[in-house]
Structure formats: structure tokens, C-alpha cells
Amino acid sequence: MKPTVWRVAIPSPLRRLFDYLPPDGDYPEQPVGCRVQVPFGSRKVVGLVVSVGEADPDLPLKRLRPVESCLDSEPLVPESMMRLGEWGTRYYHHPPGEVFEHLLPLALRREGQAQRRQEDWWLLSEAGRQTHPDELGRAPRQQAVLARLQQAGGALPAQEMSDLGQGWQSVARRMADNGLLFKESRDPAVPLNRGEEPEMVLNPEQAAALSRIESDMDGFACHLLEGVTGSGKTEVYLALIRRILAEDKQALVLVPEIALTPQLTLRFRRALPARIGLYHSGMNDRERRDTWLMARAGELDVIIGTRSAVFLPLPRPGLMILDEEHDPAFKQQDGFRYSARDLAVVRARQQAMPIVLGSATPALETLRNARDGRYGHAQLSQRAGDARPPALKVIDIRGQELEAGLSGRLLQRLDERLKAGEQALLFLNRRGYAPVLVCNQCGWTADCLRCDARMTYHRRRGSLDCHHCGASRRLPRACPECASEKLGVAGQGTEQLEQVLARRYPHISQVRIDRDTTRRQGALDAKLAAARDGEAQLLIGTQMLAKGHDFPNLTLVGLVDADQGLMSADFRGPERMAQLVTQVAGRAGRGKKAGEVLIQTRAPEHPLLETLIRGGYPAFADAALRERSEAGFPPYSHLALLRAEAHEKTAVQAFLEEAMGLGQATADERVLLMGPVPAPMERRAGRYRAQIMIQADERTPLHQLLTPLAPALENLKSARRVRWSLDVDPIDLF
DNA sequence: AGCACGCCGACT
DNA sequence: GTCGGCGTGCTC
């Protein structure tokens with residue numbers, strides 16, 4: 001009989017599992033989901049047991065090595081999450097070791113107990129219970145400790161005893177020596193919110209959306225909640241969560257970025273009688289481990305997290321919510337390139353729970369799923385309260401005299417609004433002072449040495465920074481080519497806008513919000529607070545400002561340059577532009593006063609832009625979906641990208657040529673391979689980049705091609721000289 | 001990705 | 001004479 005082996009996912013880029021003999025020592029009956037310490041080549045690594053089975057007949061038995069030790073006495077990763085990992089490995093054609101690494105927080109990927117941070121408690125012994133404080137005679141501090149513990153019923157966390165005064169711990173230790181008390185480590189209790197805020201009364205649309213989703217909550221169901229900005233999606237989320245809390249189930253809420261967690265958390269803490277946890281990249285390893293373990297233990301009822309939280313285990317799964325589901329941040333852009341949105345839907349189906357995708361500007365993929373009836377579709381078309389939707393207007397800036405990129409008409413409206421004491425926002429998705437530094441004598445421009453890109457001039461810093469690779473250097477005094485001192489700039493960034501506007505409106509308080517001004521801890525919160533309470537009247541920012549924030553006094557929004565998306569070579573450019581315009585526009589007129597949105601463009605007659613202005617996002621989406629259908633792009637086809645990069649351009653070419661040959665040999669007529677083509681910015685951070693695009697109308701043939709292709713590429717000799725990756729369902733083509 | 005093994009150049 | 005350069009092969 002063939003021996004039983006454990007198939008283990010090993011942290012390595014190899015697209016296979018490794019078989020081991022069971023360990024000599026103790027191990028659980030069912031080791032799937034347990035971490036194991038195994039020998040791997042000449043080193044020891046921690047892997048995850050994925051399955052148990054018979055030894056592979058093709059593998060000589062003597063090559064099998066035994067597991068050194070099983071690190072868990074029961075599976076740490078539950079079966080449900082192992083299934084999600086297996087699905088991810090198959091779908092994304094990514095090495096299992098790297099996929100399964102995502103199932104555990106960093107702090108649990110090493111040796112050691114899967115235990116969360118402990119809290120010290122002091123407890124009374126039997127003797128301590130029997131002793132009256134007076135019996136301690138001339139030891140007043142011991143008396144105090146004893147009395148305190150007796151009052152508390154015999155046990156208290158050490159933290160809550162600190163008011164007993166300096167040095168109380170040594171008093172307690174002495175009493176422990178005398179057998180009156182003892183110390184114990186316990187799991188800290190998770191605070192339960194009271195949820196004191198009264199439930200909001202839902203407006204008819206919200207109520208209708210709620211009941212529509214609620215009617216379909218036993219088992220799997222996916223609903224798109226499409227609600228214009230300010231329509232109160234959060235109230236619907238809260239009502240749904242209350243419902244599943246009443247059934248004693250857990251809810252997982254995913255948001256695109258950390259910046260959105262604090263406000264949502266605050267809102268949830270006020271509204272929900274629940275134990276709420278957080279999971280995002282701003283937390284340290286220990287905090288993430290603790291949330292992970294508490295989620296797994298069922299000690300948290302609601303968890304709010306970013307992308308990676310889709311892997312949090314839930315023993316009582318009740319509901320998943322993905323807010324701003326269209327946001328590209330849900331797609332991981334390196335390593336294991338998963339879409340948290342797509343994985344969440346798969347997970348919901350696997351675990352038979354409902355999922356709600358919320359957005360004011362749904363991704364075209366999601367919209368199509370809703371229209372084809374695969375997803376439920378609930379809509380909120382009215383803004384809550386009295387708020388009216390803002391009017392969108394286009395400003396044609398062709399041939400116009402501009403001041404720092406601002407047209408006369410935009411400046412005039414700005415004058416009026418600011419004079420009236422109202423708040424205005426200027427949106428420009430480019431930080432720094434100017435994107436180009438140029439020599440007016442010889443035409444030299446400041447280019448990045450490692451990228452095919454210009455360096456951005458940062459005036460306050462006095463530096464030239466490359467926004468693609470992070471390179472930075474001092475601003476030259478003179479042109480390095482011709483020594484002329486006539487250096488000038490072209491184009492503008494938020495820093496320039498801020499400076500020019502400060503000169504124009506010296507008595508208006510303004511705030512700039514971009515990655516440069518919010519680097520410091522807490523700076524973003526402070527600036528957002530200033531923007532929210534109206535302390536800052538003029539707001540200038542990049543897309544950081546576009547998301548989810550509420551500025552009640554804001555009446556004018558100016559999009560300084562709307563053309564970036566329209567002119568993009570990526571077929572998703574217009575979709576991004578429309579989402580951004582709609583999201584930014586949604587910041588205006590959320591209070592009582594009507595809002596106005598001015599869009600500066602050099603392509604005012606662009607059909608998709610016109611459709612967006614006239615009919616809003618839904619009309620845009622109709623038109624864009626029609627275009628995608630005609631062009632055979634997603635969601636009407638499926639894409640994968642094989643990317644490669646290396647310092648040696650020839651290495652990239654050689655690898656992709658060989659890959660192309662392999663691909664063409666196995667591809668049938670249902671799959672189209674295109675390339676290799678260089679990336680639009682061919683060189684980045686000193687590496688040459690190129691790619692092959694693989695397209696198919698149906699998913700099946702695409703996967704039939706990739707399943708053998710991925711491991712074949714791995715064995716290519718030319719693959720060792722490049723960094724390569726497969727991106728299934730890419731969201732950026734470059 | 002690591003890591004070991006292996007075969008050729010400038011140094012204690 | 002060796003330390004170490006990175007090419008190439010392997011990891012149950």
C-alpha cells in the first residue's frame with residue numbers, strides 16, 4: 001500500500017504542492033489547515049497542509065521527507081478558507097504557496113503558538129477570599145489591593161488596578177507569595193458597543209432596497225446596491241448588519257482603503273450593538289494577528305477591513321459588504337494579483353452567505369452582472385435630506401488663456417462662490433508643482449534616469465522627484481546641457497495651484513490634500529476635519545479628496561483637467577474618468593445649497609463625456625457597455641496579461657518570444673494571443689517591461705490555455721532571467 | 001525565491 | 001594558493 005502523504009503549500013514561487021510523510025511526533029487526526037515545519041531543500045520553512053492523500057506514484061518514495069513538526073493541534077485555517085485558497089490558486093494560476101500565505105497574517109506564518117496578546121489578571125485565591133482586609137493589620141496597601149479585588153468579585157485585569165498607586169504590582173506580588181492571590185494570563189475581552197445611536201428612519205427608497213436584499217438572505221445571493229453619492233447606502237448596510245447580528249452571525253465589511261475605515265468605524269460603533277474589529281495595512285503584525293484570531297474565534301461580530309480582510313475566517317458567516325466596489329484598490333497589483341471583490345463573491349457562494357456590492361458608480365462588470373440578472377439590483381437615486389444633485393458643466397479650454405491651468409470662467413465662478421462665503425474644491429490628479437522642468441535655452445527636460453518619464457518639480461522641497469520609481473534629486477541651478485539658468489516649468493500640479501490661489505485669495509483659508517501634505521501621521525484627519533467643518537474654504541486635492549468624504553458647505557467643484565482618463569490608451573480610461581467625475585461631483589451640494597461642477601477639458605465633444613454630462617453615470621454606463629461589446633472588451637470578453645521585466649531588454653524579449661511560441665502551440669481558435677508589446681512606459685525603475693495579452697470570449701478556453709502554460713513558463717530557462725507574472729482579469733493593461 | 005554547487009579571476 | 005563572481009539546477 002502506498003503511504004499516506006501530506007500535501008503542503010510552501011512559501012515559494014513554485015506552482016506546485018510538496019508531499020511529506022506525516023511527522024514522527026503527535027499530530028491531529030485531520031491536519032488540513034494546520035501549519036507544519038518542514039525541511040525544504042537545505043532550509044526549514046513553515047508551510048500549510050492543503051490535503052492528505054496517497055503518495056504520488058511517479059515520485060520515488062525515498063525522496064519523501066517527513067514533516068518535522070505539526071505546529072497546530074487543530075486546523076488553524078478553517079476548511080472554508082482553504083477552499084477559497086484553492087479556488088484562488090486555480091483561477092489566478094498563481095503558486096499555491098504564495099496564495100496560501102494570504103490566508104494567514106504575517107505573525108502567524110512563522111513558528112509559534114497561534115495565540116493572541118494576553119492580558120494579565122489578578123485573582124484571589126481561596127485564602128484571599130477568606131481573609132478580611134483588617135486581618136492584614138499594618139499593611140494598608142495590601143489591604144487596599146485585597147479590598148479592591150474582593151469588591152470586584154475576585155478578579156481584575158492588571159490594567160484596571162493601576163489606580164492603586166505606584167508600586168502596587170510589587171505589593172500584589174508579595175501577597176501572591178503569601179498565597180492570597182495569583183496572576184493569570186487571559187484573552188482580553190473585546191469591548192461591546194452599546195450602539196446607542198437610534199436607528200435612522202429609512203426613506204422609501206432605502207426601505208425598498210433593504211427589503212429587496214433582505215428577501216434574499218438565506219444562502220448565497222449577490223446584490224448590487226447602486227446609490228448616488230449622498231443617498232445613504234450606509235444606512236442600508238447598517239440595517240442589514242443589525243439583521244444578521246440578531247441571528248447571531250458575523251458581518252465582514254470591505255472598503256478600498258484605510259483612510260475610509262475611521263469614519264465608517266465611528267459610524268458603526270455608534271450605530272451597532274456589536275463587537276467591532278478592524279483589519280488593514282495600517283495595523284502592526286500583532287494587531288492584525290489579534291483581529292484575525294478573534295474573527296476566527298467568533299469573538300468579533302463585525303469586521304471592517306481592506307482588501308486582505310477578504311481572507312478573514314468567520315465561524316458564523318452572515319453577510320459580506322463591499323463598499324465602493326468599483327474601486328481599483330480592491331485588486332492587488334503585485335504578487336498574487338487577486339480581486340478582493342471577485343474573491344468575496346466566490347467566498348459568499350462557497351459559504352452560502354449574501355453579499356452586497358455598493359457603489360455610486362459601479363464597475364461595468366458588476367453592472368452587467370446585475371443587468372443580466374446574475375446579481376440583484378437595488379437602486380437609490382435620491383440624495384438623503386434636501387440635497388439636490390449638482391449640475392455638471394463643461395468648460396472648453398482649447399485656445400484659452402489659462403492661469404495656472406485655470407480658465408477665466410472657472411476663476412470667475414470661484415470668485416463668486418468664495419465671496420458668498422461658500423466652499424469650493426479644485427480637483428487635480430497631479431501632485432507637485434509642475435510635471436515638467438524645461439530649459440528655455442536648449443529645450444532640455446529633467447528626465448528620470450531609470451524610467452521613461454519626466455521628473456516632477458517640487459518647489460517647496462526644491463527637488464525633482466520621479467513619481468514612478470521614487471528617485472529624487474536636487475533642483476539644478478542651471479541646465480546640465482547648456483549651463484543656461486533659464487529653467488522654466490510646464491504644466492501644473494496641486495502645489496502650484498495652492499500657491500497661485502493663495503496669492504489670488506490672500507484672505508481665504510485653504511487646504512491642500514494630496515500624498516505630499518498628508519504624509520505625517522494624523523495630517524489627513526486634521527485636514528479633512530478642517531475641510532468638513534468649513535474652517536478651510538478652498539480645498540485643493542488629488543483623488544484622495546474624491547472618496548467618500550462629506551463636505552456639507554461645498555457648492556463648487558472644479559475638475560482642472562478631465563482629459564487624463566479620456567486620452568488614456570487603456571480601454572478602462574473613460575470608465576475611470578466617469579467614476580472620478582461622478583465621485584468628485586458627489587462632494588458638492590450635499591447640504592442645503594445647490595452644487596455646481598465645472599469640468600475643464602480639451603475634448604468637450606467626446607461622446608462618452610457628453611453622455612456622462614447629460615445623462616449621468618447610468619447613461620454613461622449604457623454607452624460604455626455598448627462600446628465594450630462592440631470592441632469585444634471585458635465584460636464581453638476575458639483577459640489575462642503575461643508581464644515580464646528585467647534590466648536586460650533582450651532577456652524580456654527572449655522570454656516573451658518563447659512564451660508566445662508555447663502559447664500559440666497550445667491555443668485554439670477561441671483564444672487570441674497578442675504581443676509581445678513593450679509597456680507604454682517601457683523602462684521603469686531601471687527595468688525594461690513588455691507583455692503579452694491573452695483574450696478569449698469565454699473563460700473556459702482562457703483557463704485551458706493558462707493551466708498548462710503557467711507551469712511550462714516556470715520551467716523555461718529564459719524565465720530565470722526575468723521577473724514575470726500572470727495577471728488574470730487585469731484592470732490596468734500596462 | 002533561496003540555496004548549494006561549480007568553475008574562472010584578483011587578492012590577503 | 002584562496003575568496004568570491006554569478007550561471008545552473010533543485011526544492012517533496
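Lettering follows sequence order; numbering is per chain, from 1.
- For A:Glu79 and A:Arg83, the salt-bridge test passes: some basic side-chain N is under 4.0 Å from an acidic carboxylate O.
- Contact check on A:Arg461 versus A:Asp465 returns a salt bridge, with a Lys/Arg side-chain nitrogen under 4.0 Å from an Asp/Glu carboxylate oxygen.
- For A:Trp6 and A:Tyr27, the gap between ring centers is short of 6.0 Å.
- Remark: A:Ser42, A:Arg43 in residues 34-49 of chain A come within less than 4.0 Å of DNA chain B through at least one heavy atom.
- One distance of note links CD1 of A:Ile694 with CE of A:Met674; it measures 9.0 Å at 0.5 Å rounding.
- Atom CD of A:Glu648 is separated from atom C1' of C:dG7 by 14 Å (rounded to the nearest Å).
- By the side-chain contact (heavy atoms from CB on, under 4.5 Å) test, A:Asp187 is found to be paired with A:Arg116, A:Gln118, A:Glu299, residues two or more places apart in sequence or in another chain being considered.
- Applying the 4.0 Å criterion to OP1 and OP2 of C:dC12, one finds that A:Arg63 has every side-chain N and O outside that range.
- Applying the side-chain hydrogen bond (donor to acceptor under 3.5 Å, both in side chains) test to residues at least two apart or on different chains, the pairs with a partner in residues 101-111 of chain A are A:His102-A:Gln332.
- With sequence neighbours left out, A:Arg689 forms a side-chain contact (heavy atoms from CB on, under 4.5 Å) with A:Glu645, A:Ala679, A:Met681, A:Arg684.
- For the pair A:Phe18 CZ and C:dC12 P, the interatomic distance rounds to 7 Å; values are reported in whole Å.
- Residue A:Leu14 is in base contact, counting any heavy-atom pair closer than 4.0 Å across all strands shown.
- Residues in residues 663-680 of chain A take part in these side-chain hydrogen bond (donor to acceptor under 3.5 Å, both in side chains) pairs, two or more places apart or across chains: A:Asp668-A:Arg670, A:Arg670-A:Gln704.
- The side-chain tip of A:Arg349 points at the ring of A:Phe220 from less than 6.0 angstrom away and within 45° of straight on.
- A:Leu59 comes within 4.0 angstrom of a nucleotide base, judged by non-hydrogen atoms across all strands.
- Per the geometry, CG belonging to A:Leu716 stands 13 Å off P belonging to C:dG9, to the nearest Å.
- Put simply, CZ on A:Arg720 is 5 Å from C1' on C:dT8, counting in whole angstrom units.
- A:Arg7 comes within 4.0 angstrom of no nucleic acid atom, judged by non-hydrogen atoms across all strands.
- Put simply, chain A comes within 4.0 Å of DNA chain B, heavy atom to any atom, from B:dA1 to B:dA4, going 5' to 3'.
- In this structure, A:Arg721 places its CZ atom 12 Å from P of C:dC6, rounding to the nearest Å.
- One interatomic measurement links the two molecules: NZ of A:Lys717 to C1' of C:dT8, which rounds to 12 Å at whole-angstrom precision.
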